[in-house]
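Below, chain A is the first sequence line, B the second, and so on; all start at residue 1.
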Number of protein chains: 2
Amino acid sequence: MTDSHQPAPPRPTSRDVARAAGVSQATVSLVLGGKWPGRVSEATAQRVRECAAELGYRPNLAARSLRLGRTRTALLVVPALTNEFFARVYTGAAAVAAEHDFGVVLYPSPDGTGPARDPFASARAALDGVIASSMASDALSALHGAELPLVMLDSDPAGTDAAAHVNLDIADGMRQVTDHLLGLGHRRFVHLASAVDTWTFAVRAQALREAVGAVPDAEMRTVRAPLNVRAGREATEQALAVAGERPTAIVCDDDILAAGACKAARRLGLRVPDDLSVTGFDDLALATAVEPELTTVQLPAEQVGERGMAALLAVLEGRPAEPGGLPVRLVVRGSTGPPAARA
Amino acid sequence: MTDSHQPAPPRPTSRDVARAAGVSQATVSLVLGGKWPGRVSEATAQRVRECAAELGYRPNLAARSLRLGRTRTALLVVPALTNEFFARVYTGAAAVAAEHDFGVVLYPSPDGTGPARDPFASARAALDGVIASSMASDALSALHGAELPLVMLDSDPAGTDAAAHVNLDIADGMRQVTDHLLGLGHRRFVHLASAVDTWTFAVRAQALREAVGAVPDAEMRTVRAPLNVRAGREATEQALAVAGERPTAIVCDDDILAAGACKAARRLGLRVPDDLSVTGFDDLALATAVEPELTTVQLPAEQVGERGMAALLAVLEGRPAEPGGLPVRLVVRGSTGPPAARA
DNA sequence: GCCTCGAAGTTATACGTAAAACCTCGGGTG
DNA sequence: CACCCGAGGTTTTACGTATAACTTCGAGGC
């Protein structure tokens, strides 16, 4: 409450700049717009730029949007920002957006919290395009009908009618995991899969099935769990309680599930990796926080966001989006090792 | 590439609604604005509302902002979204904002990544207010000079000239931790502190110092580390390598550091909590992913965002912001226990 | 010497909304 | 009867920008 209400020095407009430079408002707009190099003499342009800088002129975005009908704003639809992967996707997208004077506004689809508001009720009018994760399926239905350019992240390229797709080489990642474990000598696997049924997890499952199926004496069981530590632990405890030869490796759809699997192992008196190897997926911060550290697949999350935003910009300008999947990389750490000698 | 460029059915404007309802554009604005209850007959208002709904009319936000000079958009300045705490703060802020038809745009201050762009270069013109974490100190300097209402999160109430403050009862949390450990019988402590020097960490240090200082035979050493697992581990290894009686408890400024401390203990052959008790702060997802699970202080992160946004809305409307700190709660888990019997 | 032409501007307009200021008309009032 | 008044609108304007359409002027061509 120092001097709460100054007369509030009104932000300078292009007209103020024009007055200061002794030209018309249109000239200011021409100069600062940077187009039509031949329309204004370099001397005048220089003067206008100086005055603009001196006054601290910033174009009014609302007016610009109104005039142009475009807002230079994209919507990023993700399941939840508390998921580190999507926080990183946002970071990447925002970085590329900033380079092109674009803004990114988020719609984390409500996971129970908050009222079931239409995310586009207010936003739809102010967006140039949408980047959406396939994992935010509930929000995707709301997208239907919006006539906006759409870039899909990690979704079935054949499934949706998006203007562009940005995908990770998930299948390759899962193959790397399998090769690693098979190379170590593992033959009896459990696939600890995500309970949610999106493309990215379907790809994991299929790649794993194929890789294991190609080895004659290898076998695999699948259990499903929601994406949290406790569920991963409980599912693993169940899986290990099944009669028959104990599996020697658990392949998890996600680091969070892997952390749960490790906890289950410890509870059952099994050592990781001596008695049980565990692999994760994503390489979250979690992966190096637990003991032992997780062997996992590193995903270039920021790049997903960057490519997504770049693709949207391309679509908006009528250019083709850069094709091709993003490479992923197996990181071998302490949670995997050769299986114990057969009992 | 199905039918990429339809004539793009132009979004209906208030004038379209007016035409459909047989009234003037001004009437539509009056009705939909909801003010001046006496200016339009209920019958007419009803008709206008019906036509608007039928046409799917959404006011053009750019035009509204231009007219009103306000954008109904707030900037949230946080260090990094990949920090779960701030992701949750955002979630809370966005939820409250949505209830009031406000938007939240993020400025995660650059931690090395991305160009050193002025975050307000484009945004400043389009913001009604700012909510800033004290941990985003680099971005705060950029705020200086912006004549915007400012709400500070977890910052020294006396230090900044913000319009409102939203603070957690950090000191109380640290006292709960100390009481817990002292009650278990611990007397020799290490404070594993954050290397960054912000208010929230200063409060932790002081509360801890006071609580330990009040017990005659208690002693404490302090070591500092950046907020990541490896640094926490290394700092702990160093602290435990010091000659003299080994400390029996490590109080960490953050769960991430606590995870590092646990790893250090394991490397040195110490069991947690038998040989060494470890406490965290924040109650991140991490806390229940590691083994043993961390005794830590649960912070209502979403509420920080909610209160922050509510405070900003209050300031914008000239109302006083709700005062008072947000309570925090000690959660006792497996990483703390009584110290081993004296050797 | 007249016409054209390009360079370097200017003037004018539209974007969609909110709201101030203005109309219109029927009924009560002095 | 002249007057005002309020209910229920309408007309008009301003917000700040981008750009289409127009002006002006000196140089050059024939």
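- Protein atom CD of A:Q46 is 15 Å distant from nucleotide atom P of C:dA8, rounded to whole Å.
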Can you tabulate the close N/O pairs, meaning under 3.5 Å, that link protein atoms to atoms of nucleotides 21-23 of chain C?
from	atom 1	to	atom 2	distance (Å)
C:dA21	N6	B:R39	NH2	3.1

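- Contact annotation: B:T27 side-chain N/O to D:dT10 OP1/OP2 distance is under 4.0 Å.
- When distances run from any side-chain atom of A:S41 to the nucleotides C:dT11, C:dG9, D:dG8, the shortest one goes to C:dG9.
- The side chain of A:R15 lies closest to D:dT17 when the candidates are D:dT19, C:dG16, D:dT17.
- Within the structure, the salt bridge (charged side-chain N to carboxylate O under 4.0 Å, His left out) test picks out the following pairs touching residues 311-320 of chain B (sequence neighbours left out): B:E317-B:R319.
- For B:T44, a side-chain nitrogen or oxygen approaches OP1 or OP2 of D:dG9 to under 4.0 Å.
- For the pair A:R64 CZ and D:dT17 C1', the computed distance is 8 Å after rounding to whole Å.
- Here the side chain of A:S24 is nearest to one of C:dT10, C:dA19, D:dG16, namely C:dT10.
- Within the 3.5 Å criterion, the main-chain N or O of B:T71 finds a donor-acceptor partner in the side chain of B:D128.
- Contact annotation: the side chain of B:Y90 never approaches that of B:V78 to less than 4.5 Å [non-hydrogen atoms, C-beta and beyond].
- The side chain of B:N60 approaches C:dG16 more closely than any other nucleotide in the set C:dG16, D:dG9, C:dA19.
- In this structure, the CD atom of B:Q25 is 10 Å from the C1' atom of C:dA19, given to the nearest Å.
- For the pair B:V166 and B:V304, the tightest heavy-atom approach, listed with the atom from each and the gap, is CG1-O, 4.0 Å.
- Following rounding to the nearest Å, B:L32 (CG) and C:dA19 (C1') show an atom-to-atom distance of 15 Å.
- Along DNA chain D, the nucleotide nearest to B:V23 and the one nearest to A:V28 differ in position, and the one closer to the 5' end is contacted by B:V23.
- Distances shorter than 4.0 Å separate none of the side-chain N or O atoms of B:T13 from OP1 or OP2 on C:dG16.
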Which pairs of donor and acceptor atoms, one on a side chain in residues 18-31 of chain B, lie under 3.5 Å apart (sequence neighbours left out)?
from	atom 1	to	atom 2	distance (Å)
B:R19	NH2	B:D16	OD1	3.0
B:S24	OG	B:A26	N	3.4
B:S24	OG	B:T27	N	3.4
B:S24	OG	B:T27	OG1	3.2
B:Q25	NE2	B:S14	OG	3.4

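- Mapping B:S14 and A:A43 onto DNA chain C by nearest heavy atom places A:A43 at the nucleotide closer to the 5' end.
- A:F102 CZ to A:L312 CG: the interatomic distance, rounded to the nearest 0.5 Å, is 6.5 Å.
- Taking CG of A:D156 as the start and CH2 of A:W199 as the end, the distance is 6.5 Å to the nearest 0.5 Å.
- For A:V40, taking side-chain heavy atoms from C-beta onward, the closest of the listed nucleotides C:dG9, D:dT17, D:dT10 is C:dG9.
- Sequence order on DNA chain D of the closest nucleotides to A:A26 and A:L66 puts A:L66 first from the 5' end.
- In this structure, B:S29 does not reach the C:dT17 phosphate: none of its side-chain N or O atoms is under 4.0 Å from OP1 or OP2.
- Nucleic acid contact class of A:G38 (heavy atoms, under 4.0 Å, all strands): sugar-phosphate only.
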